[in-house]
Amino acid sequence: MRPLLSIRSLGVHYVSYGSEVHALGDVDLDLQAGERLAIIGESGSGKSTLARAIAGLLPPSVRLDGSVDWPGLGHQAQNGRDIGFVFQDPASSLDPVMSVGDQVAEVAHANLDMEWPAARKLAIELLDRVRLPEPSALATSYPHQLSGGQKQRVAIAAAIAGRPKLLIADEATSALDTIVQAEIVALIRQLVADDGMALLFVSHDIALAVNLADRIAVFRHGRLVEVAATDELISAPQSTYAKALLAAHLGLDTRLEAEP
Ligand SMILES: Nc1ncnc2c1ncn2[C@@H]1O[C@H](COP(=O)(O)OP(=O)(O)OP(=O)(O)O)[C@@H](O)[C@H]1O
Ligand SMILES: [Mg+2]
């Protein structure tokens with residue numbers, strides 16, 4: 001089967017003041033349609049850089065090597081239309097002076113060639129789908145009138161308004177408290193299942209990644225250290241780094257393996 005997304009020998013180098021930061025190197029990774037892939041690794045390992053490279057959201061000054069192709073789409077993916085991107089901080093991804101209903105409607109209007117009244121109607125349906133209460137009334141509110149969890153639900157509604165084939169969530173639940181976090185994870189799981197979207201879930205919360213993903217890719221210092229089905233990675237991590245990372249975060253006792 002042709003993968004939705006195919007990444008080959010990807011390198012990303014940030015250029016600033018004449019020096020380069022090698023944020024990613026030599027990454028090969030495929031994503032199948034409808035697959036849920038988690039990207040884990042410590043801070044600075046290149047997770048967000050990968051997510052942004054896939055969505056075409058890197059600053060123009062970066063130097064790229066390798067390729068990001070979309071065999072499953074047949075064209076280069078466009079953020080909004082083919083990819084929905086949910087950021088860590090909904091306050092900065094939402095426009096403070098536009099009603100939340102209009103913000104969701106705008107994505108549908110721009111990406112689905114939908115007339116404004118139909119886009120508005122769809123926005124209210126989407127606010128309902130992300131389980132916001134009284135969506136018709138809520139559509140007229142502004143971001144500052146909503147809680148953090150509600151804002152993130154709006155951001156998710158906007159991300160799926162263009163009916164993308166891939167949803168990317170970059171630490172989308174990290175700024176929320178534990179209960180809201182669990183609700184948003186459940187929502188993301190439901191939405192990708194209902195719409196058959198693929199999911200790229202970037203998180204340094206490994207327990208969440210394990211809970212949500214079919215497959216997990218482990219990054220360290222900009223390199224893909226290991227990628228495996230979630231069950232396989234947990235039961236038999238191959239690399240020393242993945243073993244240590246899982247042991248530290250999931251409380252697995254790796255010392256047992258060392259015993260005769
Ligand atoms: N705009 C930028 N300009 C220069 N260097 C950058 C830029 N963005 C990221 N980097 C560098 O690239 C490397 C990878 O950063 P990235 O943000 O992808 O890591 P991350 O895994 O998402 O980390 P975190 O878990 O903290 O979000 C880091 O060394 C970082 O300092
Ligand atoms: Mg990041």
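Being a predicted model, the structure only gives us computed values, none of them experimental. Worth knowing before you read on, the calculation uses all heavy atoms, side chains too, and leaves out hydrogens, waters and symmetry mates. One-based numbering, in listed order, for ligands and for the atoms of each.
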Query raised in the report: What protein heavy atom sits nearest atom 2 (C) of ligand 1, and how far off is it?
Result: Tyr14 CD2, 3.4 Å
Query raised in the report: So which protein heavy atom does atom 15 (O) of ligand 1 come closest to, and at what separation?
Result: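 Ranked first by proximity to atom 15 (O) of ligand 1 is Thr49 OG1, 3.7 Å.
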Query raised in the report: In this structure, which one of Arg220, Glu42, Glu226 forms a side chain to side chain donor-acceptor pair (under 3.5 Å) with Tyr241?
Result: Glu42
Query - Polar side-chain atom of Arg52 near backbone of Leu58 as donor-acceptor pair, under 3.5 Å - result: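 Side chain of Arg52 to backbone of Leu58, a donor-acceptor pair under 3.5 Å: no, none is there.
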Residues 118-125, side-chain donor-acceptor partners within the protein, below 3.5 Å, at least two apart:
| residue | atom | partner | partner atom | Å |
| --- | --- | --- | --- | --- |
| Arg120 | NE | Asp102 | OD1 | 3.1 |
| Arg120 | NH2 | Asp102 | OD1 | 3.1 |
| Arg120 | NH2 | Asp102 | OD2 | 3.4 |

Query raised in the report: Short N/O distance, under 3.5 Å, between Ala23 and ligand 1?
Result: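 No; every N/O pair is 3.5 Å or more apart.
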Query - N or O pair under 3.5 Å between Ser45 and ligand 1 - result: yes
Requested in this report: Could you give me a count of protein N/O/S atoms that are under 2.8 Å from the Mg ion (ligand 2)?
Outcome: 1
Requested in this report: Please could you name the atoms of ligand 1 that Glu42 approaches to less than 4.0 Å, counting only its heavy atoms?
Outcome: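 Ligand 1 atoms under the 4.0 Å threshold to Glu42: 21 (O).
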Requested in this report: Answer yes if a protein heavy atom lies under 4.0 Å from atom 30 (C) of ligand 1, otherwise answer no.
Outcome: no
Query raised in the report: How would you list all residue pairs meeting side chain to side chain donor-acceptor pair (under 3.5 Å) that involve residues 157-175, not counting sequence neighbours?
Result: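 Found Ser48-Asp170, Glu171-Ser174, Glu171-His204.
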Report summary line: Hits for salt bridge (charged side-chain N to carboxylate O under 4.0 Å, His left out) against Arg8, two or more places apart or cross-chain, chain-then-number order -> Asp30
